[in-house]
J.: 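Pasting a structure here, questions to come.
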2 protein chains.
Amino acid sequence: MEHVDRGDQADRADRVVGERRRRRPTKSGTVLSDDVIVDCAVRLIGHQGAEALTVRKLGAALGCDPTAIYRYFRSTDDLLLAIADFLIGETLVGYRPGPDWVASLRELGLRVRDGYLRHPRVAAIAAARVTRRHNEFRAVEMGVSLLLSAGFSPADAVRYYRAFIDTVLAHAALEASYTALAPEVRAADDRSWEETYNTLPKADYPAIGTVRRHLAEEMAGSPFEDVLDLVLESLARRV
Amino acid sequence: MEHVDRGDQADRADRVVGERRRRRPTKSGTVLSDDVIVDCAVRLIGHQGAEALTVRKLGAALGCDPTAIYRYFRSTDDLLLAIADFLIGETLVGYRPGPDWVASLRELGLRVRDGYLRHPRVAAIAAARVTRRHNEFRAVEMGVSLLLSAGFSPADAVRYYRAFIDTVLAHAALEASYTALAPEVRAADDRSWEETYNTLPKADYPAIGTVRRHLAEEMAGSPFEDVLDLVLESLARRV
DNA sequence: CATCTTATGTCAACACCATTGACGTAATTC
DNA sequence: GAATTACGTCAATGGTGTTGACATAAGATG
């Protein structure tokens, strides 16, 4: 796993306790920290699914009492935000905006989507949240900066950054939750476009009948890049 | 409540039992059925909020033992899908595509989104799934038909329908899962744009510093209509 | 009308879940 | 070496979905 920027004081401002000095090993010997907990949680979700993120299972995986986690995070929601921010940081590793703002936003969008797809189960629960943490600040800064450099007014830069990032996050989350489905369920969904939809009576569904041959092919892939380009295309015209 | 098309046999194929003949009144006198349960669940969510959809509370609202629900639905997930199907039907009630395909698609998008927002918890779970049911067929037929009438080739009509509907569903789901959050959590997320983001050092985050005054306002609302227009604008240009 | 069958409402119980408060002890500080 | 306290542990509370046994009313059969 690549190094993820974990931020500085700004990140820790709302942690349960500030600077840690005393660390007491758990019964099983491991020494806890926020980072250890987040890493373990990400691995747990990736391996067992989103529903495995419970304080009890996390405690078991960490080898500590479940309630020890509350010494580091105020609630499971607080922990969830930390996990989400970890994800954002992972997607930003190595990213540098270039002079072409459209191309740069496009790459940012593709990166976020790739990062989310790499941890679909985390993405499905975290996409809608505002993490209020370091890595999210960095992403907002980059995106808004690109739109400002494109020539948008401050108000429009914020407005269109929101439209852009929500589109990316929304599609990423949708795709992620689809990826997270059980393989046989997903396969059945894919097949339905050639099976179920191909058997619909043409009299009742003339349009579906007309495009019948293209359904399976076009519905199988992801529309993400299409949508990204549609949105960026309109943005470029509005600047 | 308006009449919602409940479909035919295809819908009922996976019900717990087939044709019901015997109906025994509950302790409180009401007679149960799948439709009664779904209606009650929808009302419950609408009235008491998202977190009210539990078998116990639903049982209380129906005036029956919570476990009676399992005579009609295999699990709460099964119930959720039935509710989702009901929802899709609801969003389509009274919808008629007009001669202007852009305006018609726009209205379809807004309708789907409104329907989802009215029951956010259901939407958050159901958006990623392909229901393969009656009301989904109707929606696909309408959308593809509109794009064909616009002049797109069959292949492009399918491709862009996918881009369009995924954008609508993805944003609706994102917004819905945000709406489904506990009120105090959502309030904290909202506040963060004026609080946390306004206190970030301008030296480290120059772009955020520049747009500071617009953050709270622009981030508070929904970018849905903006995105819808951005996508439709590009589509109209590509036809 | 009487009897049989069974659909289905009810009940108790189980195994989870997040979260809180009290408690003891080990780690740091002085 | 004593004092302080961070923090891991434990017990308990009140929520959740779900299952299996049980009982009884509705409908079928005669």
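Note that the coordinates shown come from a computational prediction; the quantities given were computed from them, not determined experimentally. Chain A is the first sequence line, chain B the second, and so forth, proteins listed ahead of strands; every chain is numbered from 1.
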J.: Which nucleotide sits closest to the side chain of Arg71(A): dA18(C), dG9(C), dC23(C)?
T.: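 Side chain of Arg71(A) sits closest to dC23(C).
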
J.: Could you tell me the separation between the CG atom of Asp77(B) and the P atom of dG17(D), rounded to a whole number of Å?
T.: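 It works out to 12 Å between those atoms.
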
J.: Please work out which residues in residues 57-65 of chain A have a non-hydrogen atom less than 4.0 Å from an atom of DNA chain D and list them by number.
T.: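 Cys64(A), Asp65(A), in order of number.
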
J.: Rounded to the Å, how far apart are Leu53(B) CG and dT18(D) P?
T.: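 Interatomic distance, CG of Leu53(B) to P of dT18(D): 11 Å.
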
J.: Please report, rounded to the nearest Å, how far the P atom of dT19(D) is from the CZ atom of Arg74(B).
T.: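 To the nearest whole Å, that distance equals 11 Å.
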
J.: Using heavy atoms to find the nearest nucleotide of DNA chain D for Arg56(A) and Pro66(A) separately, return the residue whose nucleotide is more 5′.
T.: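 Its nearest nucleotide lies further toward 5', so the answer is Pro66(A).
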
J.: Round to a whole Å and report the spacing from CG of Leu79(A) to C1' of dT19(C).
T.: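 So the two atoms are 14 Å apart, to the nearest Å.
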
J.: Of all the choices, dG20(D), dG9(C), dT9(D), which nucleotide is nearest to the side chain of Thr67(B) once you look at every atom?
T.: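 The closest nucleotide is dG20(D).
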
J.: How long is the line joining CG of Asp34(B) and P of dA7(C), in whole Å?
T.: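 For the pair Asp34(B) CG and dA7(C) P, the rounded distance is 16 Å.
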
J.: Give a yes/no on whether any side-chain N or O of Tyr70(A) is located under 4.0 angstrom from OP1 or OP2 of dC7(D).
T.: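 So the side chain of Tyr70(A) is outside the cut-off, no N or O lying under 4.0 Å from OP1 or OP2 of dC7(D).
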
J.: Hey, does the side chain of Thr76(A) come within less than 4.0 Å of dA18(C)'s phosphate (OP1/OP2), counting only N and O?
T.: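 The answer is no; no side-chain N or O of Thr76(A) sits under 4.0 Å from OP1 or OP2.
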
J.: Just the rounded figure in Å: distance from C1' of dA25(D) to CG of Leu32(B).
T.: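 Rounded to the whole Å, the gap is 14 Å.
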
J.: Is there side-chain contact between Tyr95(B) and Met142(B), with at least one heavy-atom pair below 4.5 Å?
T.: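 Yes - at least one pair of side-chain heavy atoms lies under 4.5 Å apart.
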
J.: So, Asp85(B) and Arg138(B), do they make that salt bridge, N to O below 4.0 Å?
T.: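 Salt bridge: no.
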
J.: Write down the distance between OH (Tyr72(B)) and C1' (dT10(C)), rounded to a whole number of angstrom.
T.: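 Those two atoms, OH and C1', are 13 Å apart.
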
J.: Look at the side chain of Arg118(A) and the backbone N and O of Thr91(A), then say whether any donor-acceptor pair between them is shorter than 3.5 Å.
T.: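 Between the backbone of Thr91(A) and the side chain of Arg118(A) there is no qualifying donor-acceptor contact (under 3.5 Å).
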
J.: Determine the sole option in Leu174(A), Asp166(A), Leu169(A) for which the side-chain contact (heavy atoms from CB on, under 4.5 Å) test with His171(B) is passed.
T.: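 By the side-chain contact (heavy atoms from CB on, under 4.5 Å) criterion, His171(B) pairs with just one of Leu174(A), Asp166(A), Leu169(A): Asp166(A).
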
J.: Let me know which of Val55(B), Ile83(B), Val38(B) forms a side-chain contact (heavy atoms from CB on, under 4.5 Å) with Phe73(B).
T.: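 Single side-chain contact (heavy atoms from CB on, under 4.5 Å) partner of Phe73(B) among Val55(B), Ile83(B), Val38(B): Val38(B).
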
J.: Answer yes or no: is there a donor N or O on one side and an acceptor on the other, between the side chain of Thr167(B) and the main chain of Val227(B), under 3.5 Å?
T.: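 No; zero donor-acceptor contacts below 3.5 Å.
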
J.: For a side chain to side chain contact (heavy atoms under 4.5 Å, CB included) check, start with the C-alpha distance between Leu53(A) and Leu80(A), then their side-chain angles and the critical distance, and finish with the verdict.
T.: CA-CA 9 Å; Leu53(A) 186 61; Leu80(A) 191 65; 4.1 Å; yes

